[in-house]
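First up is the structure itself, then whatever we jot down about it.
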Amino acid sequence: DGGITQSPKYLFRKEGQNVTLSCEQNLNHDAMYWYRQDPGQGLRLIYYSQIVNDFQKGDIAEGYSVSREKKESFPLTVTSAQKNPTAFYLCASSKDRGDSYEQYFGPGTRLTVT
Amino acid sequence: DAKTTQPPSMDCAEGRAANLPCNHSTISGNEYVYWYRQIHSQGPQYIIHGLKNNETNEMASLIITEDRKSSTLILPHATLRDTAVYYCIVRVASWAGGTSYGKLTFGQGTILTVHP
């Protein structure tokens, strides 16, 4: 089955530690995205990538970093510089950034930092 | 991208049509309307999108007013599994020079509750 996988589903970290969230897709999509969702809120874009070895900041990139070394993988690192890292993180992909291509979302990773 | 306004919550009886409104009074001619939904604690799911014509697919219908200032998502026969948060999103078309690069700006959406 084609789709997007995110692991783990739940992640717990101590404050001050960097943590990397995994996102893999086997849909052969060019574009990939990372969103953050806080309770009762909509999604906010952190980073996006249109092709391998290229990525752009979204609306709330501070305290996060990404890489896109392979088409199918787009890991997100939440650094210790992120002031409020506890949130639900969602990865998505689309065939490209065109208007008719829907974004497919993964199941999300719920990160708790204490 | 234009701002959207949706009611915070709506109810619908199972088997009846659910009509979810969205106001986008500042929309411009080169902006699409997209609908996604998010079932609790899952990733959002694409439903439908349109520019100015009404659209229908296996999940829903999208009715856009002639002046394009508002739209309605119609789920023709709602089921309990349609209970979710529904997001209406407006985005500049890439062919119009939109620099959103596929970015979707999610508001708070409408919580649709389908009851037996």
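Just so we're on the same page: letters track the sequence lines, and every chain starts at 1.
Of the atoms belonging to A:Arg110, it is side-chain heavy atoms, and not backbone ones, that fall under 4.5 Å from chain B. Of the two parts of A:Leu43, the backbone and the side chain both hold a non-hydrogen atom closer than 4.5 Å to a non-hydrogen atom of chain B. Heavy-atom distances place the side chain of A:Gln37, and not its backbone, under 4.5 Å from chain B.
B:Leu80 and B:Leu20 fall within the same hydrophobic cluster, defined by Ile, Leu, Val, Met, Phe, Trp and Tyr side-chain heavy atoms under 4.5 Å apart, directly or through other members. Transitive grouping of hydrophobic side chains (ILVMFWY, heavy atoms separated by less than 4.5 Å) brings A:Tyr33 and B:Ile89 into a common cluster. Taken together through direct or relayed side-chain contacts under 4.5 Å among Ile, Leu, Val, Met, Phe, Trp and Tyr, A:Tyr35 and A:Val66 form parts of separate hydrophobic clusters. Under a hydrophobic clustering in which Ile, Leu, Val, Met, Phe, Trp and Tyr are joined whenever their side-chain heavy atoms come within less than 4.5 Å, directly or via other members, A:Trp34 and A:Phe105 fall into different clusters. Linking Ile, Leu, Val, Met, Phe, Trp and Tyr whenever their side-chain heavy atoms come within less than 4.5 Å leaves A:Leu76 and B:Leu104 in two separate clusters.
More than 12 heavy atoms of other residues, nucleotides or ligands shown are found within 6.0 angstrom of OH on A:Tyr47.
Contacts of residues 106-116 of chain B with chain A at a heavy-atom distance below 4.5 Å involve B:Phe106, B:Gly107, B:Gln108, listed in sequence order.
Chain B forms more heavy-atom pairs under 4.5 Å with one residue of A:Gly40, A:Gly42, A:Cys91, A:Ala92 than with any other, namely A:Gly42. Of all the listed residues (B:Gln38, B:Gln45, B:Gln42), the one sharing the greatest number of non-hydrogen pairs under 4.5 Å with chain A is B:Gln38.
The minimum heavy-atom distance between A:Leu90 and B:Gly43, with the atom names listed, is CD2-CA, 3.5 Å.
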